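Only one structure is covered here, and it is reproduced in the block below.
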Amino acid sequence: MATIRLGDIAPDFTADSTQGMINLYDYLGDGWGILFSHPADFTPVCTTELGTAAKFKDEFDKRNVKMLALSVDGTTSHAEWIKDINEVQNTTVNFPIIGDEDKKVSHLYDMIHPNADDNLTVRSVYIIGPDKKVKLMITYPASTGRNFHELLRVIDSLQLTAYHKVATPANWEHGDDVVVSPSIATADAVNIFPKGVVEVKPYLRMTPQPNI
Ligand code: BEZ
């Protein structure tokens with residue numbers, strides 16, 4: 001079992017998927033990626049999640065994030081399940097789902113938490129940067145479907161803070177003011193952020209989002 005932490009290189013793999021064999025690094029190219037696991041096929045919460053994910057694909061595309069789902073059943077089963085998802089969610093699943101019957105990828109990414117369930121994955125989310133490093137990990141139990149608005153929100157934060165010396169405060173949404181990185185002195189911040197810097201406390205300086 002692998003232990004993956006933020007900043008680690010995301011382990012590469014080649015696996016079968018609903019769109020044929022996929023090599024993770026080739027699939028991601030030089031863009032961002034989101035790898036998210038599903039406990040099993042033909043399960044209710046996963047059905048809603050995958051339909052919702054398909055409806056959000058344009059938003060992931062806009063952010064240059066490739067989507068890759070995984071479920072521990074095989075791709076023949078996935079193909080049948082996708083018909084149901086498309087029907088009940090009124091969508092078209094338009095990204096690959098890895099078939100992981102041997103649980104190779106699930107174990108590589110520590111997606112099976114035996115004290116939760118021996119055989120099914122939890123709902124893991126890995127966001128991988130263009131440098132192939134893990135930028136974010138979130139883990140939900142099988143009983144809780146993910147919020148795809150939140151996944152886009154954290155991607156916006158990750159992409160903003162990767163290229164600007166800022167951090168995003170609690171409940172930040174794209175367009176809100178951001179926090180100046182603690183590593184920057186206020187005297188320098190006023191030059192780096194021409195839209196203005198407000199010093200609430202010497203350690204808490206706010207500035208308008210720099211990339212809009
Ligand atoms: C579901 O997707 O609905 C689900 C899967 C496994 C356990 C519980 C719920």
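Remember, it's 1-based here, ligands and their atoms both numbered in the order they're listed. Scope of the values below: all heavy atoms of this structure, side chains included, with no hydrogens, waters or symmetry mates. Not measured: the values here are computed from a predicted model.
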Check your understanding: Got a sec, which pairs hit ring pair (Phe, Tyr, Trp, His ring centres under 6.0 Å) with one end in residues 123-143, sequence neighbours left out?
Key ->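 Pairs touching residues 123-143 that pass the test: Tyr109-Tyr126.
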Practice item. May I ask you to decide if the ring planes of Phe95 and Phe36 are parallel, tilted or perpendicular, using 30° and 60° as cut-offs? Key: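 Taking Phe36 first and then Phe95, their aromatic rings sit tilted (interplane angle of 30° to 60°).
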Exercise for review: Check ring-ring contact (aromatic ring centres under 6.0 Å, His included) between His149 and all other residues, then give those that pass, not counting sequence neighbours.
Suggested key: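 Listed in chain order: Phe56.
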Review point. Do the non-hydrogen side-chain atoms of Ile34 and Leu68 ever get within less than 4.5 Å of each other?
Key: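 Sidechains of Leu68 and Ile34: no contact.
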Practice item. For atom NZ of Lys132, decide whether the heavy atoms of other residues, nucleotides or ligands shown that lie under 6.0 angstrom number more than 12. Key: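 Yes - once you tally the heavy atoms of other residues, nucleotides and ligands closer than 6.0 Å, there are more than 12.
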Point to revise | Members sharing Val45's hydrophobic cluster (side chains within less than 4.5 Å) | key: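 Members alongside Val45: none; it stands by itself.
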N/O to N/O under 3.5 Å, ligand 1 against protein:
unit_1, atom_1, unit_2, atom_2, d
ligand 1, 2 (O), Thr43, OG1, 3.0
ligand 1, 2 (O), Val45, N, 3.2
ligand 1, 2 (O), Cys46, N, 2.9
ligand 1, 2 (O), Arg123, NH2, 3.0
ligand 1, 3 (O), Pro44, N, 3.2
ligand 1, 3 (O), Val45, N, 2.6

